Amino acid sequence: MAKNKDFDEFDDEEMDAEVEAQLEAEENAAQIVRDYSDRRILIWEEDDARREACLEVLTDLLVGSTIKAVKTEAEAQEQLENDDWDTFVVDFYTDGVSSSEFIKNANNYPGSILVAINMGPLTLAEERDPARTELLRRLFDVERANTQIRA
């Protein structure tokens with residue numbers, strides 16, 4: 001692989017090899033199986049189809065994690081009060097979510113991560129695309145600490 005060359009200096013064969021190497025590296029990185037068995041994730045989404053899609057995508061993506069999906073703010077608040085969670089997933093495009101009491105409480109939950117995802121376009125087939133998978137996974141790979149982390 002040639003380094004420090006301008007784009008115009010690559011011949012077609014070198015360019016093909018460079019692109020192929022980059023694609024292979026990305027594909028290998030996406031195929032790494034990670035263990036999320038220590039993760040506890042709570043999803044709050046009122047729309048049934050979006051909630052199920054998000055649950056399916058995250059279950060497939062975050063192997064070994066404990067994930068619970070609830071429909072109402074009351075259910076989310078109950079889970080927050082009665083169980084330990086390290087990550088909360090919501091869709092801020094849903095009316096009232098960003099100003100809800102649950103979000104205020106989740107923001108003050110020790111060592112938690114609040115992940116805001118637009119759940120509307122989530123589909124398992126699209127999320128299996130390595131580029132999308134890595135972008136979504138990075139939201140959950142933030143190191144948890146004793147202080148609040150915002151993702």
Side-chain angles (χ1 to χ4, degrees), residues 1 3 7 15-151:
M1 218 174 342
K3 294 197 179 205
F7 180 78
M15 186 62 80
D16 290 344
E18 178 78 16
V19 169
E20 189 174 314
Q22 287 177 347
L23 290 173
E24 186 175 322
E26 288 174 12
E27 186 176 313
N28 289 339
Q31 292 177 355
I32 295 171
V33 176
R34 294 167 178 90
D35 179 17
Y36 291 95
S37 59
D38 65 332
R39 300 300 300 273
R40 299 191 41 83
I41 300 164
L42 179 62
I43 301 167
W44 169 30
E45 171 56 50
E46 294 179 355
D47 181 89
D48 293 337
R50 290 180 179 187
R51 185 177 57 257
E52 289 304 315
C54 185
L55 178 62
E56 184 179 4
V57 166
L58 294 183
T59 299
D60 189 63
L61 183 68
L62 307 172
V63 177
S65 62
T66 299
I67 304 174
K68 179 159 181 104
V70 297
K71 180 174 184 155
T72 67
E73 181 180 4
E75 289 174 303
Q77 191 63 39
E78 181 181 333
Q79 289 297 317
L80 182 76
E81 294 168 0
N82 295 327
D83 216 339
D84 292 326
W85 303 98
D86 57 64
T87 307
F88 303 100
V89 179
V90 296
D91 185 342
F92 281 147
Y93 285 111
T94 303
D95 287 337
V97 169
S98 62
S99 61
S100 69
E101 194 64 31
F102 172 76
I103 294 300
K104 292 174 189 170
N105 292 332
N107 272 326
N108 291 314
Y109 198 85
S112 67
I113 300 169
L114 179 59
V115 177
I117 298 175
N118 180 0
M119 295 185 201
L122 279 181
T123 64
L124 190 56
E126 288 178 3
E127 296 310 320
R128 284 193 172 139
D129 172 35
R132 289 188 62 137
T133 299
E134 284 309 303
L135 290 174
L136 184 57
R137 183 189 319 276
R138 286 179 189 168
L139 294 173
F140 296 89
D141 282 347
V142 173
E143 285 294 321
R144 296 183 317 267
N146 292 329
T147 59
Q148 257 73 39
I149 299 173
R150 304 289 181 257

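A quick note: this is a predicted structure, and the numbers were derived from the prediction, not measured.
The ring pair (Phe, Tyr, Trp, His ring centres under 6.0 Å) contacts involving residues 62-81 comprise nothing, where partners must be two or more places apart or lie in separate chains. Identified under the side chain to side chain donor-acceptor pair (under 3.5 Å) test for residues 70-81, with sequence neighbours left out: D48-K71, T72-E75, Q77-E81, Q77-N105. The ring pair (Phe, Tyr, Trp, His ring centres under 6.0 Å) contacts involving residues 57-82 comprise nothing, where partners must be two or more places apart or lie in separate chains.
Residues I103 and F92 are in side-chain contact: their nearest non-hydrogen atoms beyond the backbone lie under 4.5 Å apart. Side-chain contact check for F140 versus V89: some heavy-atom pair is nearer than 4.5 Å. You'll find the side chain of I41 stays beyond 4.5 Å of the side chain of Y36, heavy atoms only. Counting only heavy atoms from C-beta outward, the side chains of L114 and Y109 never approach each other to under 4.5 Å.
One distance of note links CZ of R137 with CG of L62; it measures 7.0 Å at 0.5 Å rounding. Rounded to the nearest 0.5 angstrom, L139 CG and T87 OG1 are separated by 10.5 Å. R50 CZ to I117 CD1: the interatomic distance, rounded to the nearest 0.5 Å, is 12.5 Å. Taking CD1 of I43 as the start and CG of L58 as the end, the distance is 4.5 Å to the nearest 0.5 Å.
The closest donor-acceptor contact from the side chain of R39 to the backbone of D86 lies at 3.5 Å or more, if one exists at all.
Residue S112 comes nearest to A106 through the heavy atom pair OG-O, 3.1 Å, listed as atom of the first residue, atom of the second, then distance. Summarising the geometry of L55 relative to T59, their closest heavy-atom pair is O-OG1, 2.7 Å, with the distance given to 0.1 Å. Residues A76 and F102 share a closest heavy-atom pair of O-CE1, 3.5 Å.
Under 4.0 Å is where a charged nitrogen must lie from a carboxylate oxygen, and between R40 and D83 at least one such pair does.
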